[in-house]
Amino acid sequence: MKLISKEQLIVAVPVALMAATAGFLVGRYLGRHSGHKKAQWVNSCISKDSPKVVHTFDMEDIGTNAVFCRCWKSKTFPHCDGSHNKDNEETGDNVGPLIIKRRTPSVEINA
């Protein structure tokens with residue numbers, strides 16, 4: 001068995017530490033910038049006992065405007081309460097609500 005000399009260790013240890021540190025930093029950088037995030041639940045608290053969260057609304061019941069949450073953070077879910085603003089600041093996301101507007105029928109005037 002061949003032993004490593006003191007001079008070889010003096011060179012090898014710092015090189016190995018630098019290589020390990022560089023690998024770690026590159027891995028963290030690529031992990032943040034690859035567009036892939038760790039798997040997380042989108043819905044963290046709403047109807048977790050249900051296998052699927054589904055809401056149905058009758059168009060006649062909506063009125064002229066309806067604003068629905070798409071970030072799953074609203075305390076008034078399925079309606080938006082603006083919680084996406086704080087979440088967007090914290091995560092860098094850009095999600096906003098679904099806004100449904102009912103057009104008022106235009107009246108044709110026959111002259």
Side-chain angles (χ1 to χ4, degrees):
M1 182 168 148
K2 186 175 178 182
L3 295 176
I4 299 174
S5 70
K6 185 177 180 181
E7 290 79 23
Q8 289 174 322
L9 277 175
I10 290 173
V11 173
V13 169
V15 169
L17 287 174
M18 287 176 46
T21 302
F24 173 76
L25 293 174
V26 168
R28 285 191 53 137
Y29 175 81
L30 292 176
R32 268 194 238 149
H33 295 86
S34 67
H36 299 290
K37 294 183 179 180
K38 290 182 181 177
Q40 294 179 354
W41 294 104
V42 173
N43 174 11
S44 61
C45 61
I46 298 163
S47 302
K48 294 305 283 182
D49 56 331
S50 177
K52 185 184 289 185
V53 180
V54 178
H55 292 91
T56 303
F57 298 94
D58 192 339
M59 290 299 290
E60 281 71 34
D61 295 338
I62 289 179
T64 57
N65 292 324
V67 183
F68 295 104
C69 174
R70 292 193 304 167
C71 72
W72 291 83
K73 308 291 185 213
S74 176
K75 301 280 189 262
T76 59
F77 193 87
H79 299 282
C80 177
D81 68 359
S83 295
H84 59 273
N85 293 316
K86 180 181 176 192
D87 190 59
N88 286 348
E89 287 177 19
E90 292 173 356
T91 64
D93 204 351
N94 65 349
V95 70
L98 167 66
I99 301 173
I100 298 175
K101 294 183 177 183
R102 183 184 297 260
R103 290 187 185 179
T104 55
S106 58
V107 177
E108 288 186 29
I109 301 175
N110 294 327

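Because the structure is a prediction, the values reported are computed rather than measured.
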Exercise for review: Look up atom CZ in Arg102 and atom OG1 in Thr64, then write down how far apart they are to the nearest 0.5 Å.
Suggested key: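 With rounding to 0.5 Å, CZ (Arg102) is 8.5 Å from OG1 (Thr64).
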Practice item. With rounding to the nearest 0.5 Å, note down the distance linking CD1 in Ile62 to CD in Glu60. Key: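 The CD atom of Glu60 is 9.0 Å from CD1 of Ile62, to the nearest 0.5 Å.
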**Study point:** ILVMFWY cluster membership beyond Val95 - transitive side-chain contacts under 4.5 angstrom
**Key:**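 Taking Ile, Leu, Val, Met, Phe, Trp and Tyr as members, Val95 stands alone, with no cluster partners.
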Let me have the donor-acceptor pairs involving side chains of residues 44-54, under 3.5 Å, with sequence neighbours excluded, atom names and distances please.
residue: Lys48; atom: NZ; partner: Asn43; partner atom: O; Å: 2.8
residue: Ser50; atom: OG; partner: Lys52; partner atom: N; Å: 3.4
residue: Ser50; atom: OG; partner: Lys52; partner atom: O; Å: 2.9

Review point. When clusters are formed by joining ILVMFWY residues with side-chain heavy atoms under 4.5 Å apart, either directly or through shared neighbours, do Ile100 and Phe57 land in the same one?
Key: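 Both belong to a single hydrophobic cluster.
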Review point. Do Ile10 and Met18 belong together in a cluster built from hydrophobic side chains that touch within less than 4.5 Å?
Key: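 Result: no, two separate clusters.
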Identify each donor-acceptor pair in which a side-chain atom of residues 69-83 lies under 3.5 Å from a protein atom, sequence neighbours left out, and give them as a table.
residue: Arg70; atom: NE; partner: Gly96; partner atom: O; Å: 2.8
residue: Arg70; atom: NH2; partner: Gly96; partner atom: O; Å: 3.2
residue: Ser74; atom: OG; partner: Thr76; partner atom: N; Å: 3.0
residue: Ser74; atom: OG; partner: Thr76; partner atom: OG1; Å: 3.0
residue: Ser74; atom: OG; partner: Phe77; partner atom: N; Å: 3.4
residue: Ser74; atom: OG; partner: His79; partner atom: O; Å: 2.6
residue: Ser74; atom: OG; partner: Asp81; partner atom: N; Å: 3.4
residue: Ser74; atom: OG; partner: Asp81; partner atom: OD1; Å: 3.4
residue: Thr76; atom: OG1; partner: His79; partner atom: O; Å: 2.9
residue: Asp81; atom: OD1; partner: Ser83; partner atom: N; Å: 3.0
residue: Asp81; atom: OD1; partner: Ser83; partner atom: OG; Å: 2.5
residue: Asp81; atom: OD2; partner: Lys75; partner atom: N; Å: 2.8
residue: Asp81; atom: OD2; partner: Ser83; partner atom: OG; Å: 3.3
residue: Ser83; atom: OG; partner: Lys73; partner atom: O; Å: 3.4

